[in-house]
Number of protein chains: 2
Amino acid sequence: MIDLHSGVPRHRQLADELRARLRAGEWAPGARLPSETRLSQEHGVGRGTVRRAVAMLRAEGLVDVASGRGTRVRELVDLERVAVPRGAVTRSRMPTVEERAEMDIPEGVPVLVVILGGRVRGVYPADRAEITHS
Amino acid sequence: MIDLHSGVPRHRQLADELRARLRAGEWAPGARLPSETRLSQEHGVGRGTVRRAVAMLRAEGLVDVASGRGTRVRELVDLERVAVPRGAVTRSRMPTVEERAEMDIPEGVPVLVVILGGRVRGVYPADRAEITHS
DNA sequence: AAATATTTGTCCGTATGTATC
DNA sequence: CGATACATACGGACAAATATT
């Protein structure tokens, strides 16, 4: 329940609640969450506030949102194993807009950057790849 | 210049412009960008639109925003080297809210997750650590 | 130290557009 | 085609944090 006088922003309270319910498995991967309008009515907040809450979950990589189709729990795919040799260095960061477009990386998904000999040897979306050290 | 009829959302156009100016080095790390009100006036868009644009840059890890203090270019710190043995696996994802609070991870910064023998051996903020394979 | 100005944060209502069912 | 659902954008109003005078 959202407390209007707790000092905690309403969109944050709503995000916290939805996150907890997601973790509890209330919605299976691929399942749809209630619409923004519905959440707005049920929680007694404006739709803008709902959108801010959902935006947080998106940035955390928990859900996918598509226009006209609703908000869905992100489905996990098997990770491709990328083997790297000794001496390689792995970093991570958020993708550039160009990378997101070219590699079709959804919101809230970082990239793994493999560096060897000071040179970038590969950039991999973290929702589809993991680095193994051989 | 923002084109009202290009079909590209205005907050995206503004984010693109600011990102380009950031890349060009117009503001040094730690320097302040113009205030939201100023950007709003200069570009002829509402403040809400400016905030959405800046929110994109935040999610990309490019800037830090603090209430009353403005928007600043994120400063890069030296990366701590975390050495992992052969057979280790490295993944990346966005941190949970708990991790963000406990480890003081800013917006737009993923975590590196090191797994060994199927068990999580470490979680490191990607703006302060890199994985080396020894 | 105190008052004032600036700057970001929150939230609402409203309107319109676009995508999907 | 209509109904539903998300996307964009504005304006207004305060609140809270910080900076300035």
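Lettering of chains follows the sequences in order, A, B, ..., and the numbering in each one begins at 1.
For B:Asp3 and D:dT8, the CG to P distance is 16 Å, given to the nearest whole Å. Here D:dA9 presents its P atom at 11 Å from CE of B:Met56, a figure rounded to the nearest Å. Look at CZ on A:Arg38: it is 12 Å from P on D:dC6, rounded to the nearest Å. Regarding A:Gln41, its CD atom lies at a distance of 15 Å from the C1' atom of D:dC6, rounded to whole Å. Going from atom CD of B:Glu36 over to atom P of D:dG12 covers 17 Å, rounded to whole Å. Summarising the geometry, the separation between CG on A:Asp64 and P on D:dA7 is reported as 11 Å, rounded to the nearest angstrom.
The pairing partner recorded for D:dA5 is C:dT18, the criterion being a Watson-Crick or G-U wobble arrangement whose two distances lie under 3.5 angstrom.
Panel note: side chain B:Glu99, backbone B:Thr96; a donor-acceptor pair is recorded below 3.5 Å. Panel note: side chain B:Ser92, backbone B:Val111; a donor-acceptor pair is recorded below 3.5 Å.
Every side-chain contact (heavy atoms from CB on, under 4.5 Å) that B:Arg19 has, sequence neighbours left out, goes to A:Val97, B:Ala15, B:Asp16, B:Arg23, B:Met56, B:Leu57, B:Glu60, B:Leu62.
Contact of the B:Val89 side chain with the B:Val113 side chain is not registered, since no non-hydrogen atoms from C-beta on lie closer than 4.5 Å.
Here B:Arg32 lies in heavy-atom contact (under 4.0 Å) with sugar-phosphate atoms only.
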Walk along nucleotides 10-21 of chain C from 5' to 3' and tag each nucleotide B, S or - by protein heavy-atom contact under 4.0 Å, base first, then sugar-phosphate. BSS-----BBSS
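Remark: A:Arg86 CZ to B:His133 NE2 distance equals 12.0 Å, nearest 0.5 Å. Here the OH-CE distance, from B:Tyr124 to B:Met103, works out to 8.5 Å after rounding to the nearest 0.5 Å.
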